[in-house]
Participant: 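Below is one structure. I have some questions about it.
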Amino acid sequence: MKSLLNLPLIAFCILLPSQFLLAQETTDYTTSAGGSPVAGVIGLLIALLMIVAMWKVFTKAGQPGWASIIPIYNLYIWCKIVGRPAWWIILMLIPFVNIIVGIVLCIDMAKSFGKGVGFGIGLVFLGIIFLPILGFGSAQYQGAAAAEPNQGAVVSQPQQGV
């Protein structure tokens with residue numbers, strides 16, 4: 001019975017903010033002010049660069065550039081550019097699976113523009129550098145890399161005269 005009487009006191013102590021219990025002021029005025037607008041401007045410039053670079057990549061591949069700014073539709077067009085099926089969009093919505101699918105799509109994007117696997121890995125880890133290189137550089141779209149027939153398969157030639 002005694003423990004039930006202490007229940008309101010325990011609840012009050014738990015719900016009471018810790019600054020009142022410690023009798024200390026915990027407000028840090030140096031971090032509560034807004035940050036410098038320079039970081040926001042730099043972030044917006046980087047975002048604009050990435051949008052324009054992706055727009056250029058889409059137009060090089062013969063797709064509408066405006067498709068690069070529509071959130072889910074750009075994944076569909078990206079899959080279409082690299083030759084992957086449209087249902088890969090669903091894989092991009094699954095956590096952790098989307099990382100692997102994104103890596104594969106970046107490597108396929110590099111191959112679709114005549115670049116190697118190393119450039120695709122660059123797109124994955126340093127996309128802010130490699131995507132503008134792909135968009136503004138001299139790389140030409142060579143077709144969907146994933147849609148190539150017999151990709152990686154060994155094809156035996158029929159022997160003549162046997």
Side-chain angles (χ1 to χ4, degrees), residues 18-19 25-162:
S18 63
Q19 63 185 0
E25 188 172 333
T26 60
T27 305
D28 186 9
Y29 292 107
T30 60
T31 60
S32 63
S36 173
V38 174
V41 170
I42 290 172
L44 285 175
L45 289 175
I46 289 172
L48 183 65
L49 173 71
M50 297 302 288
I51 289 169
V52 172
M54 196 66 163
W55 190 297
K56 291 288 288 180
V57 168
F58 276 37
T59 55
K60 276 186 175 184
Q63 299 297 327
W66 57 264
S68 65
I69 59 175
I70 310 297
I72 302 297
Y73 185 62
N74 66 0
L75 292 176
Y76 170 73
I77 297 297
W78 190 15
C79 289
K80 193 173 170 184
I81 289 171
V82 301
R84 295 292 178 179
W87 58 265
W88 274 42
I89 297 169
I90 296 170
L91 295 177
M92 289 295 285
L93 300 175
I94 301 171
F96 300 113
V97 174
N98 61 359
I99 296 170
I100 304 300
V101 172
I103 292 170
V104 171
L105 287 176
C106 284
I107 292 172
D108 286 345
M109 176 79 85
K111 288 180 181 178
S112 296
F113 282 88
K115 304 289 185 181
V117 175
F119 194 89
I121 299 297
L123 280 171
V124 171
F125 292 110
L126 293 171
I128 194 169
I129 296 169
F130 283 84
L131 193 61
I133 290 172
L134 196 62
F136 299 118
S138 62
Q140 296 295 320
Y141 182 65
Q142 299 176 353
E148 292 177 2
N150 300 325
Q151 181 181 4
V154 177
V155 179
S156 62
Q157 298 292 329
Q159 296 179 356
Q160 296 179 355
V162 177

Participant: Once side chain to side chain contact (heavy atoms under 4.5 Å, CB included) is applied, do any residues pair with Ile90, and if so which ones, sequence neighbours excluded?
Facilitator: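 Ile90: no side chain to side chain contact (heavy atoms under 4.5 Å, CB included) contacts found.
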Participant: Report the residues that fulfil side chain to side chain contact (heavy atoms under 4.5 Å, CB included) with Val38, sequence neighbours left out, ordered by chain and then residue number.
Facilitator: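 Residues passing side chain to side chain contact (heavy atoms under 4.5 Å, CB included) with Val38: Ser36, Ile42.
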Participant: Could you pull out the closest heavy-atom pair between Phe119 and Ala110, with the gap in Å?
Facilitator: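 Closest pair (atom of Phe119, atom of Ala110, distance): CD2-CB, 3.9 Å.
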Participant: Kindly compute the distance separating OG1 (Thr59) from CE (Met54), expressed to the nearest 0.5 Å.
Facilitator: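 Answer rounded to 0.5 Å: 11.0 Å.
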Participant: What's the spacing between Leu44 CG and Leu49 CG if we round to 0.5 Å?
Facilitator: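 Between atom CG of Leu44 and atom CG of Leu49 there are 12.5 Å.
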Participant: Val104: what forms a side chain to side chain contact (heavy atoms under 4.5 Å, CB included) with it, not counting sequence neighbours?
Facilitator: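 Per chain and number, Val104 pairs via side chain to side chain contact (heavy atoms under 4.5 Å, CB included) with Arg84, Trp88, Asp108.
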Participant: I'd like to know if the side chain of Ser112 and the backbone of Ala144 have a donor-acceptor N/O pair within less than 3.5 Å.
Facilitator: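 No: the side chain of Ser112 does not pair with the backbone of Ala144.
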Participant: Ignoring hydrogens, what is the shortest heavy-atom contact between Phe130 and Gly122? Give both atom names and the distance.
Facilitator: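 Taking every non-hydrogen atom into account, CD1-O, 3.3 Å.
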Participant: Met50 and Leu131: which non-hydrogen atoms are nearest, and at how many Å?
Facilitator: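 Heavy atoms only, the tightest pair is CE-CD2, 3.7 Å.
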Participant: Using a 3.5 Å cut-off and no angle test, enumerate the donor-acceptor pairs between side-chain atoms of residues 69-81 and protein atoms at least two apart in sequence or in another chain.
Facilitator:
{"unit_1": "Asn74", "atom_1": "ND2", "unit_2": "Ser68", "atom_2": "O", "d": "3.3"}

Participant: Measuring only between side-chain heavy atoms, which start at C-beta, is Lys115 closer than 4.5 Å to Leu123?
Facilitator: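 No - every pair of side-chain heavy atoms lies 4.5 Å or more apart.
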Participant: According to side chain to side chain contact (heavy atoms under 4.5 Å, CB included), who are the partners of Phe125, at least two apart in sequence or on a separate chain?
Facilitator: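 So Phe125 forms a side chain to side chain contact (heavy atoms under 4.5 Å, CB included) with Ile121.
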Participant: Compare every heavy atom of Gly114 with every heavy atom of Gln142, then report the nearest pair and how far apart it is.
Facilitator: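 Nearest heavy atoms, Gln142 then Gly114: OE1-CA, 3.4 Å.
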Participant: Can you list the residues that meet the ring pair (Phe, Tyr, Trp, His ring centres under 6.0 Å) rule with Phe113, with sequence neighbours excluded?
Facilitator: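 Result, ring pair (Phe, Tyr, Trp, His ring centres under 6.0 Å) vs Phe113: Tyr141.
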Participant: Closest heavy-atom contact between Gly127 and Pro132?
Facilitator: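 Distance-wise, the nearest heavy atoms are O-CD, 3.6 Å.
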Participant: Counting only N and O atoms by type, is there a donor-acceptor contact under 3.5 Å from the side chain of Lys60 to the main-chain atoms of Leu134?
Facilitator: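 Between the backbone of Leu134 and the side chain of Lys60 there is a qualifying donor-acceptor contact (under 3.5 Å).
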